[in-house]
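Everything below concerns the one structure shown next.
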There are 4 protein chains.
Amino acid sequence: MESQRPMRADARRNRERILQTARQAFATEGLGVSLDEIARRAGVGPGTVHRHFPAKEALIEEVLTEHLASLTEQARQAVRTDRDGSAFFPFLHSLISEARAKQDLADALSQADVKLSERTQETALHLRQAFGELLVRAQEAGTVRTDVDAEDVQAVVLGALTAERQNPTPDRPGRMAAVVLDCLLPEGG
Amino acid sequence: MESQRPMRADARRNRERILQTARQAFATEGLGVSLDEIARRAGVGPGTVHRHFPAKEALIEEVLTEHLASLTEQARQAVRTDRDGSAFFPFLHSLISEARAKQDLADALSQADVKLSERTQETALHLRQAFGELLVRAQEAGTVRTDVDAEDVQAVVLGALTAERQNPTPDRPGRMAAVVLDCLLPEGG
Amino acid sequence: MESQRPMRADARRNRERILQTARQAFATEGLGVSLDEIARRAGVGPGTVHRHFPAKEALIEEVLTEHLASLTEQARQAVRTDRDGSAFFPFLHSLISEARAKQDLADALSQADVKLSERTQETALHLRQAFGELLVRAQEAGTVRTDVDAEDVQAVVLGALTAERQNPTPDRPGRMAAVVLDCLLPEGG
Amino acid sequence: MESQRPMRADARRNRERILQTARQAFATEGLGVSLDEIARRAGVGPGTVHRHFPAKEALIEEVLTEHLASLTEQARQAVRTDRDGSAFFPFLHSLISEARAKQDLADALSQADVKLSERTQETALHLRQAFGELLVRAQEAGTVRTDVDAEDVQAVVLGALTAERQNPTPDRPGRMAAVVLDCLLPEGG
DNA sequence: GATGAATGAGTATTCATTCAT
DNA sequence: TATGAATGAATACTCATTCAT
């Protein structure tokens with residue numbers, strides 16, 4: 001039922017600019033950035049932000065959901081092309097490397113007071129499902145330990161992201177994440 | 001060097017109560033809790049909070065530094081009693097299990113806008129040093145991979161804490177953390 | 001004198017719908033209702049409201065003037081058919097009973113910040129004149145005290161309306177108004 | 001249970017100034033006046049207004065309740081000194097003449113969206129009770145019609161106030177109110 | 001030293017009005 | 001003409017910090 005007549009060109013443009021600005025701002029400075037500030041940086045009035053996102057939570061949610069949806073799409077793409085379970089680790093690495101830039105995800109999750117709407121949770125579920133497929137194949141191929149499930153992997157990825165952020169080692173980006181992800185190798189690995 | 005005349009007994013008591021209240025509040029509700037609220041819960045006036053901690057950051061820092069100092073003390077204790085490098089993993093686990101209760105550490109660190117003062121960084125360094133000793137012994141004993149240093153381990157611990165928090169599995173507390181910490185095992189482990 | 005070319009049919013229709021919606025909304029919810037909300041309920045865009053009524057005050061005024069004009073028409077009708085001064089009280093009662101439904105009049109007047117335009121004041125004058133004729137006849141017939149003029153009667157009517165609204169007694173509608181209007185009876189009445 | 005330790009002198013002073021400013025502002029300009037504006041005029045910061053009256057409604061209510069309480073006190077005083085039922089009309093007149101200055105009461109009541117708290121309603125009840133005693137005595141003395149009760153009288157007073165305000169006749173203040181109050185005379189009066 | 005009242009810059013949100021489509 | 005997106009000043013309220021008592 002979402003057809004809603006297509007948005008006017010300028011409206012869509014503004015919406016995009018607000019989202020992009022918010023993404024960047026939340027990533028760099030945390031969720032504390034004020035809507036007025038985001039409006040200013042996006043070059044629109046505060047009322048415009050409010051028209052597109054009636055409350056701050058709606059904007060946060062949208063940034064988050066957009067991110068989750070993009071990750072889900074990537075995961076599904078990986079599922080489609082993976083034949084032998086080898087797509088698992090590369091996918092996790094690309095995920096983390098991307099999230100390093102867009103800091104929003106973990107930030108939002110680590111903030112206790114952000115309630116995830118049903119829509120976001122649904123998107124998160126889809127991501128986990130795609131995740132799960134990659135995981136099962138990798139486990140069948142013997143490249144991932146068998147005592148973890150998709151939810152565990154999600155947690156480990158978040159942990160890897162945290163570790164990577166905590167100790168970035170700029171000359172070897174992704175090193176810390178790689179170390180943590182090693183925990184997913186089979187025991188005799 | 002200020003003269004630091006010893007604090008009056010009631011002042012010291014107030015300081016302790018404020019710190020304790022803040023620790024609890026930051027842990028449970030995040031850093032967003034207002035100073036007025038902390039003052040109220042501690043049973044003092046907001047002016048008293050300000051006398052002891054001239055700015056909110058100072059209070060946050062103190063909570064954090066106290067925690068780091070306590071961890072450092074534990075680490076040194078472990079160093080003193082460890083003979084064969086076997087103290088490493090138990091120490092990490094106790095660390096994480098304690099942090100799970102006192103949520104402040106990781107929260108504060110994950111919040112971009114908290115700048116760590118020199119004093120805090122010094123305390124963190126001490127912790128890392130004690131950490132390092134445990135680590136080296138464990139590496140010499142062959143129970144920890146040799147391509148990580150103390151800073152790496154700190155990052156991994158934070159990652160493990162994050163993962164644990166993300167996917168708590170209440171019937172098996174610490175399971176997620178344990179999974180992540182497996183990444184520190186030697187390759188042929 | 002603008003040329004006032006007759007409005008296009010759809011424009012006139014929109015204007016009517018907006019007025020009707022505004023009347024209802026102002027009556028039910030007070031003058032605080034937003035123009036956007038009125039536009040939405042009328043099924044037009046906010047721009048359309050603005051085209052017909054360049055400012056909110058203009059819309060309020062129009063609602064008010066329309067009402068006054070309708071009352072004036074009723075008063076003139078009463079004047080035309082009244083032969084013996086007996087039309088006075090029934091007219092006042094019908095006025096009040098109608099106003100009870102359309103709450104706008106007194107509301108708008110009781111709100112200090114609404115300035116009445118010349119046009120509205122002119123309409124109010126017309127009403128008072130028609131009023132006056134009824135009044136004089138009634139006074140000549142000895143059914144109304146002689147120390148009040150048309151303006152006084154208008155004030156008393158507003159007072160009666162206020163009293164009626166303040167203490168509605170649903171099982172005997174108009175009772176409070178009737179009590180207040182008794183003050184217009186001749187002293188020996 | 002209201003002992004609460006006496007308020008500090010400066011706090012009480014500020015509270016009084018805010019109340020006085022609000023009374024004046026609400027009376028002159030209606031309830032739409034902003035809290036910031038009231039703060040400015042009272043010479044305090046907006047935060048101070050908020051400390052004393054946590055929400056705008058609380059301030060409105062306090063102004064209103066104060067007024068009702070003062071009226072109640074006057075009514076009780078009249079009850080104490082009235083021996084023959086002759087205090088009734090003078091009291092109503094003094095009430096109206098006072099209310100003409102402090103416009104708040106009727107304004108607030110005519111604004112649909114103000115919900116009266118229990119405390120205010122209780123004060124209004126007390127007023128009505130004192131009112132009622134004066135009324136009964138006057139009715140027994142034969143100076144007031146017997147088909148009205150205290151609630152009716154309250155409504156009539158509000159109506160008289162409205163009429164007076166609508167048609168002030170500055171050279172004969174109170175004339176309009178007097179006209180309306182005549183409706184309370186006994187029929188053969 | 002402790003108290004808690006005062007400050008005032010800052011936040012999210014609303015809405016009359018303007019203007020591009 | 002109609003639409004509805006954009007504007008931006010304004011509003012109620014919050015809270016770290018200051019300061020009189």
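A, B, ... follow the sequence lines: proteins, then strands. Residue 1 opens every chain.
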Task: Test item: C:R17 side-chain N/O and C:A42 main-chain N/O as donor-acceptor pair under 3.5 Å - done: yes
Open item on the list: How many whole angstroms separate atom CZ of D:F53 from atom P of F:dC13?
Closed with: 13 Å
Open item on the list: From the set F:dT17, E:dT17, F:dT7, return the single nucleotide nearest to any side-chain atom of C:D36.
Closed with: E:dT17
Task: Position toward the 5' end of DNA chain E (nearest nucleotide), D:G43 or A:P54 - done: D:G43
Open item on the list: Let's see if you can work this out: which of E:dA6, E:dA9, E:dT13 has an atom nearest to the side-chain heavy atoms of D:P46?
Closed with: E:dA9
TODO: Would you classify B:A55 as touching base, sugar-phosphate or nothing, given that sugar-phosphate means primed atoms plus P, OP1 and OP2, and contacts are heavy atoms under 4.0 Å?
DONE: sugar-phosphate
Open item on the list: Would you say A:T123 and A:T120 are linked by a side-chain donor-acceptor pair, where the criterion is simply a distance under 3.5 Å?
Closed with: no
Task: Watson-Crick/G-U partner (both atom distances under 3.5 Å) of E:dT21 - done: F:dA2
TODO: Grab the CZ-C1' distance between B:R17 and E:dA2 for me, whole Å please.
DONE: 13 Å
- [ ] Measure the distance from CG on D:L35 to P on E:dT7 and round it to the nearest whole Å.
- [x] 15 Å
Task: Side-chain donor/acceptor of B:S70 to backbone N/O of B:E66, under 3.5 Å - done: no
- [ ] For B:R15 and E:dA2, give me the distance from atom CZ to atom C1', rounded to whole Å.
- [x] 16 Å
Open item on the list: At less than 4.0 Å, is any side-chain N or O atom of A:S34 found next to OP1 or OP2 of E:dG10? Yes or no.
Closed with: no
Open item on the list: I want to check one thing: is the phosphate of F:dT18, taken as OP1 and OP2, less than 4.0 Å away from some side-chain N or O of B:H50?
Closed with: yes
Task: Under 3.5 Å: donor-acceptor pair, side chain of B:E62, backbone of B:F53 - done: no
Task: Nearest-Å distance for atom pair CD1/C1', residues B:I38 and F:dA16 - done: 12 Å
Task: 5′-ward residue of the pair B:D10/A:K56 relative to DNA chain E - done: B:D10
- [ ] Give a yes or no on whether the backbone of A:S117 and the side-chain of A:E61 come within a donor-acceptor separation of less than 3.5 Å.
- [x] yes
TODO: Would you kindly give the CZ-to-C1' distance between B:R13 and E:dA2, to the nearest whole Å?
DONE: 13 Å
Task: First encountered from the 5' end of DNA chain F, between A:V49 and D:T48 - done: A:V49
- [ ] Quickly work out the D:N14 CG to E:dA6 P distance and round it to whole Å.
- [x] 4 Å
- [ ] Go ahead and name the base partner of F:dG8; Watson-Crick or wobble counts if both distances stay under 3.5 Å, otherwise write none.
- [x] E:dC15
- [ ] Round to the nearest Å and state the distance from A:E37 atom CD to E:dA12 atom C1'.
- [x] 14 Å
